Visitor: 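My questions will all concern the structure given below.
Residue numbers count from 1 along this sequence. All of these numbers come straight from a predicted model, not from anything done at the bench.
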Amino acid sequence: MGEPPSAAEGYILSYHLFLVGTLLDFVSGFVALLVSYYAYRYNRLLRSTPLLFLSFGFMLLGLGLLSEASIHLFSAVYTRQLRIFVEASAVYLVMQVAAYLVIAMGYAYEAYRRATLSPTAASLLLVGVKRPAVLLLPYRLSVTAELLSVIILAVVVYQATLVYTTSKNRLAGMVLTGFLLIMLGQAISLGGVIVLSTPSFEIGELTRFLGFLVLLVFLLRSGRSGQV
């Protein structure tokens, strides 16, 4: 069996994971803002209430991701104060709560318009929290935040499923796929928080990013065809 990694090797690994995580946050934030922009642009043309909610929700997601990544990078390079990391994650947590709730409200509107939303699913709309960074915020808070995040995304996926089963078209399937990937990413991140595995958490972040990309492709394709 190999020897356990030294403290220096552990530091290098942590540093590399930090750089990868920060870069992924920057890219994810940029893509989230693109989703917000195109959703807003097509909403102005089509006057679609769900697109308006989607635009505002992803604007909060994008701004939150970019702000957190920027503050973390600035603090790591200049101040190196853990307090700033924690405060940045806490602010992002609040913005993420608002973002998921706004997106859920938009899809609740669409689901109610096209189908009947069950009382159980409707009651879940009142719940939603998102991620503090692994090992920065208290363990119980981190686990609770990730668990509630998966719950509210499950509600969004349920609503997207109702829309898809009503329309039965490829574009609605892309929306469903995008939110399924986002929910899967949050579930993987939850596992990473529970077992205190930063690599698992980053894999969850990457999976969520793929969900962002699917939604961006959906908006670009549907906007050209006028079928958003």
Visitor: Just verifying a value: how many Å separate Ser28 OG and Leu206 CG, rounded to the nearest 0.5 Å?
Guide: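 That separation rounds to 8.0 Å.
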Visitor: Any chance you could measure Leu73, atom CG, to Leu23, atom CG, to the nearest 0.5 Å?
Guide: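 Leu73 CG to Leu23 CG: 10.0 Å, rounded to 0.5 Å.
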Visitor: Return the minimal non-hydrogen interatomic distance between Leu66 and Asp25, and the atom names on each side.
Guide: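 Closest pair (atom of Leu66, atom of Asp25, distance): CD2-O, 4.5 Å.
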Visitor: A quick test of your reading: do over 12 heavy atoms of other residues, nucleotides or ligands sit less than 6.0 Å from OH of Tyr40?
Guide: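 Atom OH in Tyr40 is not crowded, with 12 or fewer foreign heavy atoms closer than 6.0 Å.
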Visitor: Side chains of Glu205 and Ser189: does their closest heavy-atom pair fall under 4.5 Å?
Guide: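 A side-chain contact under 4.5 Å exists here.
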Visitor: If two hydrophobic side chains count as joined below 4.5 Å and joins carry through other members, does Met174 share a cluster with Leu51?
Guide: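 Yes.
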Visitor: Is there side-chain contact between Val214 and Val175, with at least one heavy-atom pair below 4.5 Å?
Guide: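 A side-chain contact is absent here, since even the closest heavy-atom pair is not under 4.5 Å.
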Visitor: Check whether any side-chain heavy atom of Ile103 sits under 4.5 Å from a side-chain heavy atom of Phe56, and report yes or no.
Guide: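 Of all side-chain heavy-atom pairs linking Phe56 with Ile103, none is under 4.5 Å.
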Visitor: Examine Leu210 and Ile188 and state if one hydrophobic cluster contains both, with Ile, Leu, Val, Met, Phe, Trp and Tyr joined whenever side-chain heavy atoms are less than 4.5 Å apart.
Guide: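 Per the 4.5 Å side-chain linkage, Leu210 and Ile188 are not co-clustered.
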Visitor: Flag the pair Phe209 / Val27 as yes when at least one side-chain heavy-atom distance between them is below 4.5 Å, and no otherwise.
Guide: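 Yes, side chains in contact.
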Visitor: Roughly how far, to the nearest 0.5 Å, is the OG1 atom of Thr165 from the CG atom of Leu176?
Guide: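 Between Leu176 CG and Thr165 OG1, I get 9.5 Å after rounding to 0.5 Å.
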Visitor: First locate atom CG of Leu184, then atom CZ of Phe179, and finally report the distance between them rounded to the nearest 0.5 Å.
Guide: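 Going from the CG atom of Leu184 to the CZ atom of Phe179 covers 14.5 Å.
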Visitor: According to a 4.5 Å side-chain heavy-atom criterion applied to Ile, Leu, Val, Met, Phe, Trp and Tyr, with indirect links allowed, do Leu190 and Val195 form part of one hydrophobic cluster?
Guide: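 Yes, Leu190 and Val195 fall within the same hydrophobic cluster.
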Visitor: Could you check whether any side-chain heavy atom of Arg170 comes within less than 4.5 Å of a side-chain heavy atom of Arg221, counting everything from C-beta outward?
Guide: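 Side-chain contact under 4.5 Å: yes.
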Visitor: Taking the side chain from Ser200 and the backbone from Gly192, do they hold a donor-acceptor pair closer than 3.5 Å?
Guide: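 It does not hold such a pair.
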Visitor: Consider only side-chain heavy atoms of I, L, V, M, F, W and Y, link residues closer than 4.5 Å, and tell whether Leu60 and Leu52 are in one cluster.
Guide: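 No, because Leu60 and Leu52 fall into different hydrophobic clusters, even though each may have its own neighbours under 4.5 Å.
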Visitor: Any donor-acceptor pair under 3.5 Å linking the side chain of Ser67 with the backbone of Gly64?
Guide: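 No, the answer is negative, given that no donor and acceptor are paired below the 3.5 Å cut-off.
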Visitor: Would the distance check show the side chain of Ser55 and the main-chain N or O of Ser36 forming a donor-acceptor pair, the cut-off being under 3.5 Å?
Guide: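 Yes, the answer is positive, given that a donor and an acceptor are paired below the 3.5 Å cut-off.
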Visitor: I would like to know whether Val156 and Tyr100 meet side-chain contact (heavy atoms from CB on, under 4.5 Å); could you show each step before the answer?
Guide: CA-CA 9 Å; Val156 174; Tyr100 281 149; over 6 Å; no
Visitor: Do Leu181 and Arg208 have side-chain heavy atoms sitting under 4.5 Å apart?
Guide: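 The answer is no; the side chains never approach within 4.5 Å.
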Visitor: To the nearest 0.5 Å, how far apart are CG in Leu34 and CG in Leu219?
Guide: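 The CG atom of Leu219 is 10.0 Å from CG of Leu34, to the nearest 0.5 Å.
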Visitor: In Å and rounded to the nearest 0.5 Å, what is the CE to CG distance from Met95 to Leu65?
Guide: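 Between Met95 CE and Leu65 CG, I get 9.0 Å after rounding to 0.5 Å.
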Visitor: Report the relative orientation of the aromatic rings in Phe58 and Phe212; use parallel for angles under 30°, tilted for 30 to 60°, perpendicular for over 60°.
Guide: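 Geometry flag for Phe212 against Phe58: perpendicular rings.
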Visitor: Hydrophobic clusters here meaning ILVMFWY residues chained together by side-chain heavy-atom distances under 4.5 Å, can you tell me if Ile182 and Leu171 are in one?
Guide: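 Result: yes, single cluster for both.
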